[in-house]
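On a predicted model such as this, the values are computed, not experimentally measured, just so you know. Lettering follows sequence order; numbering is per chain, from 1.
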Amino acid sequence: MDLFVTFQDHVSKIIDDLVATGVVPKDAARKGVIVEPPRDAAHGDLSTNAAMVLSKPAQKKPRDLADLIVAKLEDIDIVHSAQVAGPGFINIHLEQSFWPSIIHSVLDDPENFGRANIGNGEKLNIEYVSANPTGPMHVGHCRGAVFGDALARLLEFAGFDVTREYYINDAGAQVDVLAKSAFLRYQEALGKDIGDIPEGYYPGEYLIPLGAQLQEKYGQDLLTMEEAEWLPLVKKESIEAMMALIRNDLAALNIQHEVFFSEKSLHNNDGAMIASAIESLESGGHIYQGRLDPPKGKLPADWEDREQTLFRATDFGDDVDRALKKSNGSFTYFAADIAYHKDKYDRGFTHQIDVLGADHGGYIKRLKAALKAISDGKADLDVKIVQLVKLLRDGKEVKMSKRAGTFVTLRDVVDEVGVDPVRFMMLMRKNDAPLDFDFAKVTDQSKDNPVFYVQYAHARTHSLLRQVQNVLPGINSAILFSDERVKSASLQRLVDEGEITIMRKLAQYPRIVNSAAASHEPHRIAFYLYELANEFHSHWARGKVAPQLRVIQEDDRELTTDRIALVAAISATLKSGLMILGVSAPLEMR
RNA sequence: GUCCCCGUAGCUCAGUUGGAUAGAGCACCAGAUUCCUAAUCUGGGGGCCAGUGGUUCGAAUCCACUCGGGGACGCCA
């Protein structure tokens, strides 16, 4: 149940009435009419701009129109009063007795409170991480991984049928380098002195076990083969080994993909899948043979002007048409990507999301253009760019360099600070804003660290749920929601300002989930949780000074029951939000 | 030269898709606990929302241009 949606309906019906009585013209645009929490809580519980939006079509002064709406709003039983304010806002105060119903809607089904249905069960594919399979993940990959995973959880909660997908870039030159590097380690494992790893090869020690593995599997055999013969064998082995590393790293972050899609598979059978994708574009008239202007800026050394196969991306909002074949006749990366997105569409994904690194910003338009063309406008694609993470230690930036050996792996970070802080911190920023990740702050166990602040609030709710046994024997959080005493609590004694503030906050959760999901911005959940935790901690502290505000009142079982129901609702909501972020909700922190 | 992202308190950032007097944390200053976990809370100062114009009842938010920072610009993925 979303209070704001409920009132959106109320207002909408009132406008219908005004249309029926001829006050508002039938064709008046009502798109802009919204019901939202006022910026200042003192103004009321809800506010709507209906009168201001409709004043022009109705040819009435906003405040006069507002008076008509106010009268009708006051007929609604949970409305205590409504006033016109400022230029024509309508502020609505609800009956105080309404708020406890929020607690009931949480406790009736705690795991589903706030669950939205904007997805309507439709299939959605989210592709994220997609790090090259050439080594373990480093911190740079971390943010995209966490962001993508949280977004996937959020969209699931919002009613989409979500598939998490990883695109393995196993077709390019980089995996050849990987295989050659592994081959060196293989020779090393056979006792050969390989000296320094040559320039252009991957020097990482993580390839040493792979060399040993190759030695075990092939013995001396590979040495007798030509490169053309051993390369595919070693490549296959290497990619599998690297993907195993990467899956392990992801598992350390609590991330699991359902589908791992191989780029190489698109190139099988002479690129049959890519060719057929291009064919279908061709039959739509989106392909032609032509020339492109040379790129601006630095001219590539090997630039040649030639006629080539081009996709008419400009028809779909891109800046230039895009090449699909390299001069050597093979397909471009983009051509393969078209085939990949077409494949996703063919698998039924009309909603697609790609999470990409900051350096891929220039790629967005052509991807969107391609999917639009290939799906005939039936599928939508959102490309989320995650900005760089700046790693700080003691306030100083940690420069990363593969050669200097100051290369920080994802595993290093997770081992040092733990999964929860890593995930939460990555989600405390909007995805397209740069992020400072300070080891000292992230491991700090104080209110300065939002992770602990929110988790501690959750732990505190459970502390209360444990303590209350003295007053209400037999209660525990696991069966709380079926406890008759809690279920039948009248909740009419939750009248303290602090308590009502918290109930108001709880009432906003569905709305936050909705907007976060609709805008693909999981960080909104993180901010909401911080605010809810803050309200709870504040209220708690008031009990220090005013013991009558404490939740547990030894001599008043009824009041304690009401308050424990509120605490349970807070607890469930915190847990729900943390679950969306993939962060644990501890029962105790000592 | 073109395109994308960004510019909000001293610092790090939110800003409910166009709403009322622009918020939070850090830092700074002043306080609170004989404790339902102080891993907490209360109060205070601090702003040309980069700039200029436009759209309208109303702009940090939308549009145009300018300045400043970052990124991308066939055959790297």
Does [X] place a side-chain N or O at less than 4.0 Å from the phosphate oxygens OP1/OP2 of [N]?
X        : N      : result
A:Tyr453 : B:rA38 : no
A:Ser538 : B:rU42 : yes
A:Thr332 : B:rC75 : no
A:Arg460 : B:rA38 : yes
A:Lys56  : B:rU56 : no
A:Trp540 : B:rC35 : no

Looking only at atom P, what distance separates B:rC62 and B:rG7, rounded to whole Å?
-> 10 Å
Does [N] have a Watson-Crick or wobble mate here (both distances under 3.5 Å), and if so which one?
N      : result
B:rU56 : none
B:rA72 : B:rU2
B:rA77 : none
B:rU37 : none
B:rC67 : B:rG7
B:rU61 : none
B:rU12 : B:rA24
B:rG47 : none

Are the aromatic rings of [X] and [Y] close, with centres under 6.0 Å apart?
X        : Y        : result
A:Tyr167 : A:Tyr340 : yes
A:Tyr166 : A:Phe261 : no
A:Tyr453 : A:Tyr530 : yes
A:Tyr456 : A:His537 : yes
A:His286 : A:Phe316 : yes

The side chain of [X] is closest to which nucleotide in this list: [options]?
X        : options                : value
A:Ile552 : B:rC36, B:rC76, B:rU56 : B:rC36
A:Tyr456 : B:rA38, B:rA32, B:rC3  : B:rA38
A:Tyr530 : B:rA24, B:rC75, B:rA20 : B:rA24
A:Glu521 : B:rC4, B:rA77, B:rG15  : B:rG15
A:Gln467 : B:rC57, B:rC36, B:rU17 : B:rC36
A:Phe89  : B:rU37, B:rA20, B:rA77 : B:rA20
A:Lys544 : B:rA38, B:rC36, B:rG15 : B:rA38

With the side chain counted from C-beta on, respond yes when A:Val175 and A:Lys264 share a heavy-atom pair under 4.5 Å apart, and no when they do not.
->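 No, too far: nothing below the 4.5 Å cut-off.
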Can you find a heavy atom in the side chain of A:Met589 that is under 4.5 Å from one in the side chain of A:His458?
->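 They are not in side-chain contact.
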Which part of the nucleic acid, if any, lies within reach of [X] when heavy atoms closer than 4.0 Å are counted: base, sugar-phosphate only, or nothing?
X        : answer
A:Asn534 : sugar-phosphate
A:Lys365 : sugar-phosphate
A:Asn169 : sugar-phosphate
A:Ser47  : base
A:Asn514 : nothing
A:Ser330 : nothing
A:Ser515 : nothing
A:Arg563 : nothing
A:Arg511 : base
A:Gln508 : nothing

Quick one: CG on A:Leu371 to CG on A:Leu381, what's the gap to the nearest 0.5 Å?
-> 5.5 Å
Do the rings of A:His138 and A:His141 sit parallel, tilted or perpendicular, given the 30° and 60° boundaries?
->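 Geometry flag for A:His141 against A:His138: tilted rings.
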Would you indicate whether A:Gln59, at its atom CD, is surrounded by more than 12 heavy atoms from other residues, nucleotides or ligands within a distance under 6.0 Å?
-> no
Could you check if the base of B:rU17 is syn or anti? Syn means the glycosidic torsion is within 90 degrees of 0.
-> syn
Distance only, no hydrogens: is a donor on one side chain within 3.5 Å (strictly under) of an acceptor on the other, for A:Tyr333 and A:Asn169?
-> yes
Close N or O pairs between protein and nucleotides 43-45 of chain B (under 3.5 Å):
none

Dump the intermediate steps for ring pair (Phe, Tyr, Trp, His ring centres under 6.0 Å) on A:Tyr509 and A:Tyr528, then the final yes or no.
-> CA-CA 8 Å; A:Tyr509 184 61; A:Tyr528 172 82; 5.4 Å; yes
Are A:Lys505 and A:Glu531 ion-paired here, with the side-chain N under 4.0 Å from a carboxylate O?
-> yes
Taking [atom1] from [X] and [atom2] from [N], how many angstroms apart are they, rounded to a whole number?
X        : N      : atom1 : atom2 : answer
A:Phe424 : B:rG25 : CZ    : P     : 15 Å
A:Leu356 : B:rC4  : CG    : C1'   : 13 Å
A:Gln455 : B:rA39 : CD    : P     : 16 Å

Option from A:Arg563, A:Arg493, A:Arg485 for which side chain to side chain donor-acceptor pair (under 3.5 Å) with A:Glu558 holds = A:Arg493
N/O to N/O distances under 3.5 Å, protein versus nucleotides 69-72 of chain B:
residue	atom	partner	partner atom	Å
B:rG71	O2'	A:Ala358	O	3.4

Report each atom pair, protein N/O against N/O of nucleotides 11-14 of chain B, whose distance is under 3.5 angstrom.
residue	atom	partner	partner atom	Å
B:rU12	O2'	A:Arg429	NH2	2.9
B:rC13	OP1	A:Pro434	O	3.1
B:rC13	O2'	A:Arg429	NH1	3.2
B:rA14	OP1	A:Lys430	N	3.1

